[in-house]
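One structure below.
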Amino acid sequence: MTETEPLLLYNTLKREKQVFVPQDPDRVTLYVCGPTVYSFAHIGNARPPVIFDLLYRVLSTRYPNVVYARNITDVDDKINAAAAEQNVPIEVISKHYTDIYHKDMAALGVGAPSIEPRATDHIPQMIQMIQRLLDSGHAYETDGHVLFAVESFADYGSLSGRNITEMMAGARIEVSDFKRHPGDFVLWKPSVAPQPGWESPWGWGRPGWHLECSVMSEFHLGETIDIHGGGQDLVFPHHENEIAQSVCAHAGKTFARYWMHNGFVTMNKSKMSKSLGNTLVIHELLKDNPGEVLRYLLLSAHYRQPLDWSEEALVRAQRTTDRIYGVIRDASTKFGPFEAKTASEKFMSSLLDDLNTPDALAELNNEARRLANAEDVEAAQISAGKLLAAGALIGLFQQDPESWLAGDTEGLDDALIDQLIEERNSSRKEKNFARADEIRLQLQEMGITLEDVADGTRWRRSND
RNA sequence: GGCCAGGUGGCAGAGUGGUUAUGCUGCGGCCUGCAAAGCCGUCUACGCCGGUUCGAUUCCGACCCUGGCCUCCA
């Protein structure tokens, strides 16, 4: 029974798949680290929102109230640097790139989270948490900074599998002389002149990055949350530090019960990152590719595996999505209209098994083949109902197939196309195939591929 | 150096102790005036060496290789 099949999630804390059991089935809580809005998001940055958007959708099929928070980091030294460089207030930078981020996400079929807290709206709560950490002896003030004392938290390193003493030995960290321990990290730091700052008991300053997520998660979701997600590169130190802060600020209570981390998008096998300069910006990719193709590609590998991005991979994703839309269209003209019913159990099982999207997409492709092979209305309705429902859940194949296949018709003259098709068909009737093929070639050069079907001739945008 | 992933057919990418992943590409076929689209079929797959087993790509051990984190990073 689908209702009782457990949801399995790989928990980084335990390094194994576990049955997901929420602390409160009437309020499931999910927190995912969102973007720092200082520049365009690249396709690697898109992986967590896409993956956790899917997790949110899956959770929502079984729990009535899933609260999903994905923050916006709008106070950060990189934003300050960008603002200084362009000589504008930091709000201009963060607003600008937040807007772009929202558009990018919408294009990728990523729904809005339940809550999208901004760091700058939570400064008083941050100051309070720092005060609690100071009062309980987990933090100390020095040289205008407030630092978290890593050695005050016995479990420090449990998420990432490190221990403090070994870290000390690895003398690769340049130790600031005001730190008691090289692993101590900043909770609050002083600001000067153009930098953003707020009044605090420790002077005018701004919060450290790690603190933001602990505070916003506590404020909106509570002291113990069900699932915390993010990219693998956040395991250490970011998530480790969040755990330290939150557990110590909450008298030892568990911070997040399940930790999920996605693998990287790579380019030629190495991590896509701004420092390596091998990024592909979503905003740019969307100029040449439908967001749905990008989403399909992002879901085509398991979320914990690396996903190697390439032009070939994009073409593959485009062809596959085209094929499925083509099948839906063909079947629809014969046996439609269709409406989404319920996704198949096999499809659901794949998703419930730690979001095995490649397996789910395989089943979706199988369903498309069944639809293409359907010989009567009943069979077609059943297959299409499953296919469309599966697509709705995973965020694919919800567009009108005709317009999908026509693609971006900007710059095309529909009347001319229709006229040429008409002329070609009369040539064909007169068995003037030379002229007919000439017209087809002409359209091909315009980027139009013709398809002769039982009830006439139709066209679509050519692949590649 | 410490810790963590992973090495699957032409490519991408799931999965499994013994039976078809799936997609893209190539090849053959059906259909078509020819194409296109779709469908059908098809191409010595599981890094290397041992071990456990009736049987291992799948479990165990060693080895080789790749990538990631240890500093901002999704």
Side-chain angles (χ1 to χ4, degrees), chain A residues 12 15 32-36 38 41-52 76-78 157 160-163 166-167 169-174 182-183 185 209 229-238 240 261-266 268-276 279 296-297 300-308 310 312-313 315-324 326-327 329-331 350 353 356-366 368-369 371-373 405 427-429 431-434 436-437 440-441 444 448-454 457-460 462-463:
Chain A
T12 307
R15 314 247 172 223
V32 174
C33 296
T36 300
Y38 70 102
H42 59 70
I43 194 67
N45 295 319
R47 207 171 185 190
V50 167
I51 292 301
F52 292 105
D76 183 274
D77 287 353
K78 284 178 177 163
S160 55
R162 305 161 202 259
N163 72 63
E166 277 176 11
M167 284 173 49
R172 290 191 39 197
I173 315 164
E174 198 178 318
F185 56 92
W209 174 49
Q232 268 167 3
D233 47 0
L234 297 186
V235 173
F236 190 90
H238 186 54
E240 201 71 75
H261 294 97
N262 63 273
F264 302 124
V265 174
T266 58
N268 298 318
K269 303 289 181 193
S270 63
K271 181 186 174 184
M272 183 184 289
S273 69
K274 287 191 178 118
S275 47
L276 286 176
T279 61
Y296 188 97
L297 180 47
S300 69
H302 184 84
Y303 79 90
R304 282 189 282 115
Q305 296 304 128
L307 172 66
D308 204 45
S310 65
E312 302 89 273
V315 170
R316 271 198 295 268
Q318 176 73 255
R319 293 205 175 144
T320 305
T321 48
D322 280 356
R323 187 186 121 262
I324 293 176
V327 166
R329 176 194 58 183
D330 289 356
S350 299
D353 182 14
N356 192 338
T357 51
D359 206 37
L361 289 177
E363 179 54 19
L364 202 145
N365 275 286
N366 284 332
R369 180 157 21 80
L371 178 59
N373 282 322
L405 292 164
S427 301
R428 289 170 69 210
K429 275 201 189 99
K431 307 271 189 226
N432 184 358
F433 296 122
D437 291 350
R440 187 168 60 201
L441 192 65
Q444 190 66 52
I448 303 286
T449 298
L450 295 184
E451 294 171 9
D452 295 326
V453 287
T457 299
R458 66 194 182 198
W459 61 271
R460 57 191 259 171
S462 306
N463 269 317

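Protein chains get the first letters and strands the later ones, always in sequence-line order, with residue 1 at the start of each.
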Report the distance from atom CG of A:L364 to atom CZ of A:R369, rounding to the nearest 0.5 Å.
-> 12.0 Å

Distance (rounded to the nearest 0.5 Å) between A:Y296 OH and A:R316 CZ | 11.0 Å

Does [X] get its side chain close enough to the base of [N], under 3.5 Å, for a donor-acceptor pair?
X: A:D452; N: B:C34; value: yes
X: A:R47; N: B:A74; value: no
X: A:K271; N: B:C73; value: yes
X: A:N356; N: B:G15; value: no
X: A:R15; N: B:C4; value: no

Can you check the [X] [atom1] to [N] [atom2] distance for me, whole Å?
X: A:E312; N: B:G13; atom1: CD; atom2: P; answer: 12 Å
X: A:K78; N: B:C72; atom1: NZ; atom2: P; answer: 9 Å
X: A:Q305; N: B:A5; atom1: CD; atom2: P; answer: 11 Å
X: A:F264; N: B:C72; atom1: CZ; atom2: C1'; answer: 13 Å
X: A:D322; N: B:G38; atom1: CG; atom2: C1'; answer: 14 Å
X: A:L364; N: B:U22; atom1: CG; atom2: C1'; answer: 11 Å
X: A:K274; N: B:C73; atom1: NZ; atom2: C1'; answer: 8 Å
X: A:H261; N: B:G68; atom1: NE2; atom2: P; answer: 18 Å

Less than 4.0 angstrom between a side-chain N/O of [X] and OP1 or OP2 of [N], yes or no?
X: A:N373; N: B:C40; answer: yes
X: A:N365; N: B:U22; answer: no
X: A:R369; N: B:G38; answer: no

Secondary-structure notation, RNA chain B, from Watson-Crick and G-U pairs under 3.5 angstrom (| other strand) = (((((((..(((.....[...))).(((((.......)))))....(.(((..]....))).))))))))....

Could you tell me whether [X] contacts a base, only the sugar-phosphate backbone, or nothing, with contacts defined as non-hydrogen atoms closer than 4.0 Å?
X: A:G326; result: nothing
X: A:H302; result: sugar-phosphate
X: A:S275; result: nothing
X: A:L234; result: sugar-phosphate
X: A:V32; result: nothing
X: A:R304; result: nothing

Among [options], which nucleotide has an atom closest to any side-chain atom of [X]?
X: A:R316; options: B:C34, B:C24, B:A74; value: B:C24
X: A:A301; options: B:C73, B:C34, B:A14; value: B:A14
X: A:N262; options: B:G13, B:A74, B:A21; value: B:A74
X: A:A362; options: B:A36, B:U22, B:G33; value: B:U22
X: A:P358; options: B:G13, B:C34, B:C73; value: B:G13
X: A:F433; options: B:C73, B:A37, B:G33; value: B:G33
X: A:R162; options: B:A74, B:C72, B:C70; value: B:C70
X: A:F236; options: B:C70, B:G13, B:C73; value: B:C70
X: A:T449; options: B:C39, B:A36, B:G33; value: B:A36
X: A:N366; options: B:U22, B:A74, B:C24; value: B:U22

Decide whether A:T266 and A:D308 meet the rule of one side-chain donor and one side-chain acceptor closer than 3.5 Å.
-> yes

Will you find, in the side chains of A:N356 and A:S350, an N or O donor that is under 3.5 Å from an N or O acceptor?
-> no

Backbone N/O of A:A313 and side chain of A:S310: donor-acceptor pair under 3.5 Å | yes

Side-chain (A:T320) to main-chain (A:A317) donor-acceptor, under 3.5 angstrom = no

Work out how far the [atom1] atom of [N] is from that of [M], and round it to whole angstrom.
N: B:G26; M: B:C69; atom1: P; result: 37 Å
N: B:A45; M: B:U58; atom1: P; result: 16 Å
N: B:U71; M: B:G61; atom1: C1'; result: 36 Å
N: B:G29; M: B:G68; atom1: P; result: 46 Å
N: B:U44; M: B:C31; atom1: C1'; result: 33 Å
N: B:C3; M: B:U57; atom1: P; result: 30 Å
N: B:G47; M: B:A5; atom1: C1'; result: 16 Å

Filtered N/O pairs between nucleotides 26-30 of chain B and protein, under 3.5 Å:
none

Is A:T449 close to A:Q444 at the side-chain level, that is, under 4.5 Å between some pair of heavy atoms?
-> yes

Side-chain heavy atoms of A:N262 within contact of A:F52, under 4.5 Å = yes

Result for 5'-nearest mapping on RNA chain B, choosing between A:S160 and A:M272, is A:S160

Return the 5'-most residue of the pair A:P306, A:R458 with respect to RNA chain B, ranking by each residue's nearest nucleotide.
-> A:P306

Tell me whether the guanidinium CZ or amine NZ of A:R47 lies under 6.0 angstrom from the six-membered ring centre of A:Y303 and within 45° of its axis.
-> no

Output yes when [X] and [Y] qualify as a salt bridge under the 4.0 Å nitrogen-oxygen rule, no when they do not.
X: A:K271; Y: A:D233; result: yes
X: A:R323; Y: A:D330; result: no
X: A:D322; Y: A:R319; result: no

Residues at least two apart in sequence or cross-chain that pass side chain to side chain contact (heavy atoms under 4.5 Å, CB included) with A:L441, listed by chain then number, are A:E445

